[in-house]
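Below, chain A is the first sequence line, B the second, and so on; all start at residue 1.
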2 protein chains.
Amino acid sequence: MVDRPDEPDVRTRVVSEATRLLAARGFDGTTVQDIADAVGVTKPAVLHYFPSKEHVREAVLESILAYWKDTLPRLLLAATASEERFDAVFGELLRFFTSDPNRARVVMREALDRPAEMRKLLRGPVRPWLTAVAQYIHSGQRAERHYADIDPEAYVLLVLQLVLAAAASASVTSPVLEGDARGRYEREVARIARASLFPPESRSAPAGARKRAR
Amino acid sequence: MVDRPDEPDVRTRVVSEATRLLAARGFDGTTVQDIADAVGVTKPAVLHYFPSKEHVREAVLESILAYWKDTLPRLLLAATASEERFDAVFGELLRFFTSDPNRARVVMREALDRPAEMRKLLRGPVRPWLTAVAQYIHSGQRAERHYADIDPEAYVLLVLQLVLAAAASASVTSPVLEGDARGRYEREVARIARASLFPPESRSAPAGARKRAR
DNA sequence: CCTACCGATCGGTAGG
DNA sequence: CCTACCGATCGGTAGG
């Protein structure tokens with residue numbers, strides 16, 4: 001357990017490199033040797049810290065979920081106004097996943113590879129937070145801040161998916177866009193999420209067709 | 001090469017079963033033997049029709065893309081009005097992928113597993129169609145039918161992603177929703193795509209259009 | 001299309 | 001006795 005104090009311990013580095021490799025190649029496409037090579041240790045060394053390859057996968061997913069277990073409640077409780085709350089949660093969601101697209105890729109692969117486990121996660125530990133956010137939208141609907149025909153639960157799940165998909169595939173889709181592709185892509189994600197939640201202000205209504213440089 | 005006339009030939013059945021298996025387990029998680037067993041032939045039989053496992057993968061992806069190469073131009077040319085065009089293309093997109101979620105899963109896995117190839121596809125053969133749809137949105141903006149601040153190219157890419165993600169993961173996210181989960185999910189996808197494109201009609205306008213901070 | 005195989009490489013574990 | 005590993009190789013299975 002004792003380690004050099006000036007560098008991250010092997011466990012931490014395994015999780016970090018495994019995140020990168022699992023995102024790029026998937027679980028079956030990554031060997032324990034690949035992870036060991038990336039960290040700079042031997043394969044048995046990796047299997048000393050994690051009893052099996054499966055344990056590495058779980059640690060990677062856990063490191064991503066752990067962040068939100070702490071952050072989401074803090075964001076929801078800190079913001080009081082409705083729009084503040086949207087900006088705080090959505091902004092952090094977008095920032096977290098675009099700042100390291102590998103996190104989004106790992107989550108998407110997990111949903112594809114192990115749907116049963118992901119379902120269990122959504123119906124269990126994640127559920128209360130989805131419900132909480134949906135509840136805020138529902139309140140906003142009663143106060144006529146949001147569109148009346150939103151399905152709050154479905155909206156929350158779909159915006160989450162949109163952010164994940166956008167972050168995971170920005171490097172693939174960006175070359176299609178000219179100029180600041182990443183910026184354009186991220187701004188449009190935020191615009192879609194916002195425009196489908198908040199009706200436009202009267203002044204910014206359809207009319208003023210501003211033409212976009214391109 | 002000769003086959004019974006009353007049942008699909010082996011090639012077709014391999015593509016069909018491989019779509020299912022690749023969607024569920026991915027390329028590295030699927031063995032040629034798995035495909036052979038699903039079809040009811042031996043492994044060498046599969047490798048008789050397709051020179052390698054890689055050729056099976058390409059045939060699966062091709063069978064999905066081929067549909068759109070025919071359908072998209074037809075839909076774009078048939079509809080004349082702007083809203084008709086949106087409904088026609090978006091509706092068919094949603095129908096195609098939700099009617100067999102495995103198609104969406106295969107495309108998503110392909111984007112994750114082979115980003116370079118997917119990039120080439122987007123910049124090459126798919127590009128003209130993305131541009132065409134974006135161009136229609138751009139025209140709609142000039143005619144003040146759409147929001148002025150839409151980034152058409154980014155919007156098209158993101159709606160495509162949203163539909164793919166929604167279709168691919170409906171079986172995972174649906175258990176969170178009560179009642180007709182699939183229906184709620186699909187209706188909300190359509191609502192988000194529409195509400196972020198078309199400003200609301202005046203009658204359905206936001207009651208208390210409030211000011212947005214940020 | 002099957003039976004019978006190949007070179008290689010997989011995840012995991014032995015003794016030291 | 002423990003920890004933190006290494007070199008070597010296990011039984012099985014992959015694509016072809």
Side-chain angles (χ1 to χ4, degrees), chain A residues 1-63 106 109-110 112-114 117, chain B residues 1-63 106 109-110 112-114 117:
Chain A
M1 292 297 189
V2 175
D3 208 71
R4 291 289 137 71
D6 54 326
E7 62 174 32
D9 65 9
V10 177
R11 272 193 75 94
T12 306
R13 281 154 62 209
V14 166
V15 171
S16 170
E17 294 300 326
T19 299
R20 204 172 45 77
L21 288 164
L22 293 181
R25 311 178 193 174
F27 185 77
D28 291 320
T30 303
T31 69
V32 176
Q33 189 64 61
D34 291 337
I35 299 170
D37 291 346
V39 174
V41 297
T42 62
K43 187 172 64 170
V46 171
L47 293 168
H48 165 76
Y49 290 102
F50 297 90
S52 75
K53 194 185 171 188
E54 196 66 42
H55 284 77
V56 177
R57 170 190 223 159
E58 280 164 23
V60 166
L61 193 65
E62 174 59 25
S63 76
V106 165
R109 284 193 185 275
E110 195 69 14
L112 289 166
D113 289 347
R114 313 206 301 188
E117 281 73 5
Chain B
M1 292 294 183
V2 175
D3 208 72
R4 293 286 139 70
D6 54 326
E7 63 175 30
D9 65 8
V10 177
R11 273 194 72 95
T12 306
R13 281 155 60 209
V14 166
V15 170
S16 169
E17 294 300 326
T19 299
R20 206 173 44 77
L21 288 164
L22 293 181
R25 312 178 192 174
F27 186 78
D28 291 321
T30 302
T31 70
V32 175
Q33 187 66 60
D34 290 337
I35 299 170
D37 290 346
V39 174
V41 297
T42 61
K43 187 170 63 169
V46 171
L47 293 167
H48 164 75
Y49 289 102
F50 297 90
S52 74
K53 193 186 172 187
E54 196 66 41
H55 283 78
V56 177
R57 169 190 224 159
E58 282 163 23
V60 166
L61 193 65
E62 174 57 26
S63 77
V106 165
R109 284 194 187 274
E110 194 69 14
L112 288 167
D113 288 346
R114 313 205 300 188
E117 281 72 7

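Distances shorter than 4.0 Å separate none of the side-chain N or O atoms of A:T42 from OP1 or OP2 on D:dC5.
B:I35 places its CD1 atom 8 Å from the P atom of D:dG15, with the value rounded to the nearest Å. Across the protein-nucleic acid pair, B:L47 atom CG and C:dA4 atom P stand 18 Å apart, rounded to whole Å. Rounded to whole angstrom, the span from the CZ atom of A:R13 across to the C1' atom of D:dC5 amounts to 13 Å. B:D34 has its CG atom 15 Å from the C1' atom of D:dG16, to the nearest Å. When rounded to the nearest whole Å, the span between CG of A:D37 and P of D:dC6 equals 12 Å. Protein atom CG of B:L21 is 12 Å distant from nucleotide atom P of D:dG15, rounded to whole Å. One interatomic measurement links the two molecules: CG of B:D28 to P of C:dG11, which rounds to 11 Å at whole-angstrom precision. The NE2-P distance, from B:H55 to D:dG15, rounds to 16 Å in whole Å.
Counting heavy atoms from C-beta on, the side chains of A:F50 and A:V15 come closer than 4.5 Å. At a threshold of 4.5 Å between non-hydrogen side-chain atoms, the residues B:V60 and B:V106 count as touching.
The nearest pair of heavy atoms linking A:S52 to A:L47 is CA-CD2, 3.9 Å.
Among the nucleotides D:dG16, C:dG12, C:dC10, the one closest to the side chain of A:T31 is C:dC10. Looking at the side chain of A:S52, the nearest of the listed nucleotides C:dG12, D:dA8, D:dG15 is C:dG12. The side chain of A:P44 lies closest to C:dT13 when the candidates are C:dT13, D:dG16, D:dC5. The nucleotide whose nearest atom lies closest to any side-chain atom of B:K53 is, among C:dC1, C:dT13, D:dG16, D:dG16. Nearest to the side chain of B:A45, among D:dC6, C:dC1, C:dG11, sits C:dC1.
Each of A:E62, A:R109, A:E110 was evaluated against A:R57; a single residue qualifies, A:E110, per the side chain to side chain contact (heavy atoms under 4.5 Å, CB included) test.
Between B:K53 and B:D28 there is no salt bridge, since no side-chain nitrogen of the basic residue lies less than 4.0 Å from a carboxylate oxygen of the acidic one.
DNA chain D is contacted by both A:H48 and A:K43; A:H48 maps to the nucleotide lying nearer its 5′ end (nearest heavy atom per residue).
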